[in-house]
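Presented below is the structure to which this report refers.
A, B, ... follow the sequence lines: proteins, then strands. Residue 1 opens every chain.
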There are 2 protein chains.
Amino acid sequence: MKPPSRPYHHGNLRQELLRAAEAALEARGVQDLSLRELSRELGVSHASPQRHFATKQDLIDALAIMGFERLSSVVGKAAEARGQDFKARLTKAANAYVGFALKHPALFALMFEAKRRPGMRPELRTALMAAFSHVPKILQEGQEAGKIVAGDPHSLALTLGAALHGLVAMSIEGKIRGTSLKAVVPKTVQHVLTGLNTNKT
Amino acid sequence: MKPPSRPYHHGNLRQELLRAAEAALEARGVQDLSLRELSRELGVSHASPQRHFATKQDLIDALAIMGFERLSSVVGKAAEARGQDFKARLTKAANAYVGFALKHPALFALMFEAKRRPGMRPELRTALMAAFSHVPKILQEGQEAGKIVAGDPHSLALTLGAALHGLVAMSIEGKIRGTSLKAVVPKTVQHVLTGLNTNKT
DNA sequence: ACACTATTGTTGACAATGACAACATGCTGT
DNA sequence: ACAGCATGTTGTCATTGTCAACAATAGTGT
């Protein structure tokens, strides 16, 4: 009898499903994400994903959590560049955020789609909040250096974070109004820091 | 023989499909949007939508275009409040933008999802650009009054528009960090206008 | 007034999907 | 060695989107 191409127990199917799902997501979008197609790619039966994810939505949620964890790691590394002034680190963190989004556009969109639904998993909220904890710290350091206006650093960070996120959401294929997003990011950081008014009121 | 409950030709099926689709979208999300379900609700056969929308995706694209047209109308009305200074009009336009998004969260998300796909329909791009044409005009008036820094009003508007859009995308059920988005919007407009730096550099 | 065409309905079929149930294999703990 | 659990399997069902062929009627041209 022909030996099976793989032992009966895959051994790492959950991780492989997540990896294959991310690739399929970026290639074809969430609307064409198919559990059966993923199973065929991995050489398992159509019902085996159900042993790791109770529903298709559970797999999608797991992708979102994974995404926020990655984003947090990427932004955290960029934000901790020692020996640079806070503005340089701020711009680096901003570039890291936008860079992640440009590199994983479908995953990025899915991450924020996942947080909109009722019954959001607590791990998702934890991962999201971790991802957004870096910029407030940098602004707080700027306040301590007398360079940033007074106020709750989280509230100030929200303005900048929202502007960056908005840039990503409003861009098309990495460009906004014909300009590469990567070129727009430092300018946006500058605009938000100095303000659009001609004076300080 | 029993008279049919409706003439053979519906007469307004396309508009009714869009209306029903929008309601279903807000109620259940895009992933549970079903052509057959919409057909049942409207009392027509399962294949009749195909006479108006070649594919399900065409219906979704039509929803996005409709959304941008509505958004443009809402923001345009708010932006044209005569007799008020530019900052008040700016805040009104910002409130209108965020208000629309809070009132139609699923449609709003779908609008920006639609623009991300390759082969975006030209009407979608036209409607999107119309929606984003109002804030640059207000900033230009602010520049003429000497209140806004020099520069391309579209580029400056991008920073503010991105911040607003980012707020929406990052909010959860109309709140951000426990605060109602409507309360955050004027603060964000203020932050972007005056800047986060303690001085003008 | 009528014939023809186009529009927009219909029924039926097919392939694909997600989810579920029942069964199969093998790993782990006692 | 065996029971229990984890994680595979096959098979089934209901639903979906899409397509083809046909049906009804609205609109148009003569």
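- One finds a salt bridge joining B:Asp152 and A:Arg177 here, because a Lys/Arg side-chain nitrogen approaches an Asp/Glu carboxylate oxygen to under 4.0 Å.
- Here C:dA16 presents its C1' atom at 12 Å from NZ of A:Lys56, a figure rounded to the nearest Å.
- Across all strands, B:Leu33 comes closer than 4.0 Å only to sugar-phosphate atoms, never to a base (heavy-atom distances).
- Side chain of B:His191 to main chain of B:Leu196: no donor-acceptor pair is present (N/O by atom type, distance under 3.5 Å, no hydrogens or angles).
- Straight-line distance from the CG atom of B:Asp32 to the P atom of C:dG18: 13 Å, rounded to whole Å.
- Between A:Ser34 and A:Gln50, the one whose closest nucleotide on DNA chain C sits nearer the 5' end is A:Ser34.
- Between B:Glu16 and B:Arg19 there is a salt bridge, since at least one side-chain N of the basic residue sits less than 4.0 Å from a carboxylate O of the acidic one.
- Within residues 9-23 of chain B, the residues approaching DNA chain D are B:His9, by heavy-atom distance under 4.0 Å.
- Side chains of A:Thr91 and A:Lys87: a donor-acceptor N/O pair is absent below 3.5 angstrom, by distance only.
- Looking at heavy-atom distances under 4.0 Å, B:Leu38 makes no contact with the nucleic acid at all.
- At least one donor-acceptor pair closer than 3.5 Å links the side chain of B:Thr55 to the backbone N or O of B:Asp58.
- Once you apply a 4.0 Å limit to the heavy atoms of chain A, the touched nucleotides of DNA chain D run 5' to 3' over D:dA6 to D:dT12.
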Between the protein and nucleotides 10-14 of chain C, list the N/O to N/O atom pairs that are separated by less than 3.5 angstrom.
{"unit_1": "C:dT10", "atom_1": "OP1", "unit_2": "B:Arg6", "atom_2": "NH2", "d": "3.2"}
{"unit_1": "C:dT10", "atom_1": "OP1", "unit_2": "B:Ser45", "atom_2": "N", "d": "3.4"}
{"unit_1": "C:dT10", "atom_1": "OP2", "unit_2": "B:Ser45", "atom_2": "N", "d": "2.6"}
{"unit_1": "C:dT10", "atom_1": "OP2", "unit_2": "B:Ser45", "atom_2": "OG", "d": "2.4"}
{"unit_1": "C:dT10", "atom_1": "O5'", "unit_2": "B:Ser45", "atom_2": "OG", "d": "3.4"}
{"unit_1": "C:dG12", "atom_1": "O6", "unit_2": "B:His46", "atom_2": "NE2", "d": "2.9"}
{"unit_1": "C:dA13", "atom_1": "N6", "unit_2": "B:Arg36", "atom_2": "NH2", "d": "3.1"}

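- Inter-residue side-chain proximity for A:Leu158 and B:Val184 is flagged as met; some heavy-atom pair is nearer than 4.5 Å.
- Put simply, NZ on B:Lys182 and CG on B:Asn95 are 6.5 Å apart, with the number rounded to the nearest 0.5 Å.
- Side chains of B:Gln31 and A:Ile60 form a contact here, defined as non-hydrogen atoms less than 4.5 Å apart.
- By the neighbour-count criterion of 12 heavy atoms within 6.0 Å, atom NZ of B:Lys56 is densely surrounded, having more than that number from other residues, nucleotides or ligands.
- Of the possible donor and acceptor atoms, none in the side chain of A:Glu22 sits under 3.5 Å from a partner among the backbone N and O of A:Leu63.
- A distance-only check finds no donor-acceptor pair linking the side chain of B:Glu69 to the backbone of B:Ala127 [under 3.5 Å].
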